[in-house]
Every structure is written in structure tokens, then in C-alpha cells.
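Everything on this sheet refers to the single structure shown next.
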Amino acid sequence: MAMVKLTIDGEEVEVAAGSTVLQACEQVGREIPRFCYHERLSIAGNCRMCLVELERAPKPIASCAYPVADGMVVRTDSEMVRQARRGVMEFLLINHPLDCPICDQGGECDLQDQSFAYGMDHSRYAEEKRAVKDKYLGPLVKTVMTRCIQCTRCVRFATEIAGVPELGATARGENLEITTYVEKALTSELSGNLIDICPVGALTSKPYAFVSRPWELSKIDSVDVLDALGTPIRIDARGSDVLRVLPRSDDTLNEEWLSDKSRFAIDGLKRRRLDRPWVRRNGKLEPASWSEAFSAIAQRVPGARIGAVAGDLCDAESILALKDLLGNLDSDRVECRQKGESLDLSRREFYLFNSGVAGIDEADALLLIGCHPRHEAPVLNARIRRRWVESGLPVGTIGVVPSDLTYPATELGQSAAALLGLHGSGSVFGQVLRAAQRPMIVVGQGALLRDDGAAILASAWALADKVGALKPDWNGFNVLHTAASRVGALDLGFVSSGGIHSMLDDGVDFLWLLGADELDFAGIGRRTFVVYQGHHGDRGAARGDVILPGAAYTEKAGTYVNTEGRVQQGFGAVVPPGEAREDWRILRAFSEFVGRRLPYDDIDSLRRRLFEVNPVFARQGLSRFGITDRRGPEGDGRAIHDSALTPAIHDYYRTDAISRASATMAECSRIYAQPMPAAAE
């Protein structure tokens, strides 16, 4: 890489050719104020706050848009720079309202901070300030457009990252406004990120409006569980209430983005909560004590054929505790694939997103089979879009695509049989995959939920082998999961040989549901005794004969494994409500109640047991790897039905117990949800 030498504030530095002066200054630790510049957006050069002095230049330059050159001499804190920044700040504040005491951005406002650090202590303007009508952007983003400084970050984010170019600037000069061209709700699953990137209080969170100030909040690191990507998040809580969820940055995973459901569904944590045990007596659920609930369960255990199902939001610790409990009760009927997904568990690479999310940045061809990443993993979809913007990534889809993916895609057919056509030499997109150096194939849950799911999985692996996606330095075969708990449960062997349908069809007298709300409850026999352990009064609780109140992901420490196989740990931000307890503690207490005591008393000893069962849990983070053993999963790749592949998610905003309890998500579903398009004949 070519390098350039320049001098910044008397210090000689060497930076990559093509860097901007602002990037060079930051490399040597010089703080450059800015409003319009953002590391992940295109350069606009609107605000002029980043002015610096360049030797022999007649006036200050905008460092965000000025490329470095050999021998350049830059000063970042000269008298010229200070006066220029004060002038820019004075202009920015001409029309800005004095809203700081009531503005939701107060305490986190870039304009507030930089006006204090770089502005003047007075203004020379006495004219009346202009006012701008607020715009409707939907139920999630609140607007106070009089505060807008026209940095256009929101416009660039919507167009470049979200792929929904619905924001723009109208009029000119003093009449310029940021608005939607036609007033309507933003149709992006990433719209909440507009709040994070807005440097003033023009765009703020509508559900969070006037709730608290940032200095009132305790901030705890955790992991998002409302999809399988495992986005690192920060939970902001006050007392017993979770008030905000914000993304943490990780360039190998989410960069700095977070999906709307993960950000705004938190009001569901306070609604429809289970906060005490319940026991069904004479067909009616009645409140009970813990000992009464345990007694009711213990009476049904002896001689029963016991099964257990783990739900989509469970942590690995509670899944292992449930598996160990059933082992102590002489049962191995356990399952985590609530809808009967077909997965070969003989090797880990058969069910992981092996390329890693960061691997998308290296892919040069992509095939999506039975998945709709815009709804199943919006942040991952944004990464695919970025790769398309940068390199023109060719994308092909097999299956029904219910909405725009935000990037062009070649529709290869709605039928699963279209996959077989790619194996031959006559397929145009098959030739694209073969010509690629790092092709990527993604199999979604919509393909694996069918009775020919094993055949689709085997055929996709065989195709990956044919097109050169399986190499010692690259594994382009990927499975995109939709449940946060799925990979961790598979790693723990929380599966039965015949799957969920076989387990239920064989008949179980006693079924323990650990947050399992996505089952086909019609398949559970009327005489089956059901214990539901979870945190919301959702579908599973309605079927339960005994209900044990558990803790949501914000209320417990837990280990989660994302769709890549990345092991992550979250921490509890608040305590569970009422008599609810952490799930593994409930299972540990019940095991002692029935005389089948589990061998751990604290989270550390349970995690040591976790490491013993599968050493992968001892490895934090993600290690990229290729593949040398190209043997495929079991299944006849030719036994594929000629029927349409439909996505696994039909309503993005209501996929789990927490989001279904959220009033905010219910409103989003009402506004945005559209019926699935009919499959082509």
C-alpha cells in the first residue's frame, strides 16, 4: 500500500495514500470536530466544522473532504482554525432553538458539546429564528426539524446503508428542509439508527421521548436475542426498568447498527409478564407458591415419558441445565427445533454461517436459498447491500421474496427445484458462481422447514462444492438461523433423532417447555402434562398446566451462540419481576426438590460444566476457517419437491414472546406488515 508523509501540528506522520486530512489527524490523536462527516457514510462536506489550516492555502480547508499529499503541513489548532470554527458554529446556531433543557438529545448532543468546546460565548445575530414543520417518519422516530442543521447524515444513511432512499432535501438556501418526498412512515427495519447518527435533537426516539436523561441510566453490556445475529448491545436501565437498548460497535459483526425490533421491542418486557407460579386446577390456572408448583410437577414425574423443548430466546446455561435434569430423570427426549427444521448435526459446519458476517466483505457472488435476510437479519442484510454498493456483488435468489432486498437480485425461481438447475452447466447464474473466487451460498430456515429440507441442505452443499466455495481458506456454505438459542442448543446436543414431530407423535406424558412458544401446539396431546417455564404469558403459557416464571434476557447473565458460531456473553441489567427467577436456578431448585440434584450451585460451576460438554463454549469470539473435509450432509440432493420456498418469517415485527407483547411492535406490524405474495404457479 502506497504511503504519504505529511506534518500535522509539527509531527511528521505517514498515512495511506487516499486518506483524508481528517483521517490523518485522527491517526495521530488530534480531535477534529465534525457534524456531517461519519466514518461509514459518504463524504458530504456540508457543515464545514472540520476546518483546519493548510500551509500555503489562502483559507482553511474542510479536512473531511481534502485528500492528503506528500509534504503537506497541517495545523489543527491555530488562531485561524479557532476563529473559523467559531464562525461556523455561530452560523449553525443562527436558527437553532434554545431547546436544550427539554431536548431528548441533551447530554448526548454533538452540537451541545462542540458549541461548548469550539464556539463563542455570544451571538451577533438578533434576527428571528426560522421554524420548520415536523415530519412524520413513522411510529419509531420522532422529529423536531427546527433543530436540524442539514448535515444530511440521515439522508445518506437511508440511501446508502438502509437502501431505502425515502429521505432527501427539498428547496434551497434558508428554505431547505430534510423530509420524506411523500409523507409516510419510513419502510426500513434499520430506521432507529437515524437516531444514533443524528448529531442534534432533530431525530430522536419516539417511544423514549421525555422518559429519562442519560446520566440517570445504568449501562450494561449484553447480547441481542431477537434474531440469531447476536448483535452486541448496551442496555440502559433505571431502577427495575429497561429504558433503552443501543448497539455497541463491532466491525466483524454489526459495525454499529441495530435492527428496529431489537431496539424498540423493549416495552414488551413490562407487558404480559409472568411474575409468579401458576397451577391449573379443575381446568383453570390459579396462583400458587413455588413449593405448590414443584409438588404438582413432581406428582406427574414418576413413570412418565418425559420430553423437553427449548425456545428461541434461551441462554445456553438454562438449556444445559434442562438437558441435565432430563438426564437425571432418565429421559433423552429433548429438542430445540420447534418447527421441525432439517439439520445435519454430525458436523458443526453443516449448521453454521461458516463464512462469518465479515466474510460478506470478501464474497464475489451470493446465492440466497429460501431466506429473506432483510427480515431474518436486517443488520446482515445491510452488510450484503454495502458489499453490492462497493463491488456490484451479483446476488441470486431461490424462493418467494416478499419485499425488496434493498439491492438488485436475480430471481432464479420460486420453486425449490430451481436449485437443481444450478448444478448443470447451462445455468447463467451457475456460471457466475463458478467464475467467482469466493462464492457464498446461504440457506435460510424457509428451506429447512419443509419435509424435503434435508435434500435441499445436501443439494446446497453439493453445489457449494461444485462452484468452489469449499476451500482450505474459505467456506462459503452458510446456514442463516432465526433463533438466538438455536446454535447453542445444537452445540449442546439438545436434539432427538426424529425431531420434534417424531417426539410428539411417539407420545410424551410430560412435556417441559423452556420458553417454547413457536410450537404447533395442536400436535401436543390433550392428556400430556405441560410445564411452561418462561417470562411471558404467550402461546406456551396458555397451554401450560404448571407455569414457572423465568427471566428475560435483560434480567440474567447468559451465554449465546450466534448463527456464525460466535460465543458471546450477556449480563443482567435489571432483576426479574415479582417471584420470577433465572431459568437455570429454577431447574436446579426443582432437581433438589425431586431428589435428582444437579451438580452446580452457581453460574461459574454451571459454565465449567458447559465447557466440559462442548469445549467450543470456552472460546470467546469467532475464528475464521476454511474446510478440508468436503463430505456433505446426509440426504438425497435430488429428492427436492417442485413447490415454492417461502420465508420463515411472515411478520418481522412480531416473531417472539417479547415482540408480541410490545405495543410499539404491534403498531409497526399494523403499519408495515403486508400479506405474503402468492407463489407463482
Side-chain angles (χ1 to χ4, degrees), residues 163-164 187-189 227-229 259 261 337-343 353 365-382 384-385 388 393-423 427-430 432-433 440-460 463 477-483 518 520 563 637 639-656 668-669 671-681:
V164 181
T187 58
S188 171
E189 297 77 19
D227 61 30
L229 196 63
S259 66
K261 180 171 58 179
R337 297 165 294 178
Q338 295 185 74
K339 297 182 180 178
E341 294 88 344
S342 299
L343 289 166
F353 200 96
L366 173 64
L367 174 65
L368 303 174
I369 304 172
C371 70
H372 186 53
R374 181 172 175 179
H375 289 167
E376 295 171 23
V379 174
L380 180 143
N381 193 67
I384 297 175
R385 173 177 168 76
W388 169 76
L393 176 72
V395 181
T397 64
I398 296 177
V400 177
V401 181
S403 64
D404 177 29
L405 287 169
T406 71
Y407 41 85
T410 303
E411 295 186 9
L412 305 175
Q414 295 185 351
S415 168
L419 178 59
L420 298 177
L422 293 175
H423 286 263
S427 168
V428 174
F429 197 81
V432 171
L433 290 172
M440 179 182 286
I441 295 175
V442 180
V443 182
Q445 298 303 294
L448 304 178
L449 287 169
R450 301 153 46 108
D451 55 5
D452 61 346
I456 294 175
L457 191 71
S459 181
L463 178 63
F477 178 82
N478 302 286
V479 174
L480 179 60
H481 291 278
T482 56
E518 316 306 325
D520 177 10
T563 191
I640 295 177
H641 302 168
D642 188 12
S643 57
L645 283 173
T646 57
I649 292 178
H650 303 303
D651 185 352
Y652 163 72
Y653 294 99
R654 308 189 76 189
T655 57
D656 54 82
C668 288
S669 179
I671 292 173
Y672 296 116
Q674 298 178 351
M676 282 284 292
E681 296 295 333

(Q) If we ignore hydrogens and angles and just use 3.5 Å, is the side chain of R374 paired with the main-chain N or O of D404 as donor and acceptor? (A) yes
**Q.** Any donor-acceptor N/O pair, T187 side chain to V164 backbone, under 3.5 Å
**A.** no
(Q) If the condition is side chain to side chain contact (heavy atoms under 4.5 Å, CB included), which residues does A377 pass it with, not counting sequence neighbours? (A) L380, L480
Q: Could I get the full list of side chain to side chain contact (heavy atoms under 4.5 Å, CB included) partners for A454, not counting sequence neighbours?
A: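 A454: side chain to side chain contact (heavy atoms under 4.5 Å, CB included) contacts with S342.
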Measuring from [X]:[atom1] to [Y]:[atom2], what's the distance to the nearest 0.5 Å?
X	Y	atom1	atom2	value
Q414	I398	CD	CD1	11.5 Å
Y652	D227	OH	CG	7.0 Å
L433	L463	CG	CG	6.0 Å
E189	S259	CD	OG	9.0 Å
D520	K339	CG	NZ	10.5 Å
I649	H375	CD1	NE2	8.5 Å

Within a strict 4.5 Å, meaning less than it, do heavy atoms of the [X] and [Y] side chains meet?
X	Y	result
L368	L366	yes
N478	I441	no
Y672	D651	no
L448	R450	no
V442	I369	no
T397	L405	yes
Q445	C371	no
S643	S415	no

Non-hydrogen atoms of [X] and [Y] that approach each other most closely:
X	Y	value
A416	I640	CB-CG2, 3.4 Å
A648	L449	CB-CD1, 4.0 Å
V443	A447	CG1-CB, 4.0 Å
P408	V395	O-CB, 3.9 Å

(Q) Is it true that Y407 and N381 share a donor-acceptor pair across their side chains at a distance under 3.5 Å? (A)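 The answer is yes; a qualifying pair exists.
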(Q) Would you say H372 and S403 are linked by a side-chain donor-acceptor pair, where the criterion is simply a distance under 3.5 Å? (A)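 Indeed, the side chains of S403 and H372 share at least one donor-acceptor pair under 3.5 Å.
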Q) Quick one: does NZ or CZ of K261 land under 6.0 Å from the six-membered ring centre of Y653, within 45 degrees of the ring axis? A) no
**Q.** S188: side-chain hydrogen bond (donor to acceptor under 3.5 Å, both in side chains) partners, not counting sequence neighbours
**A.** none
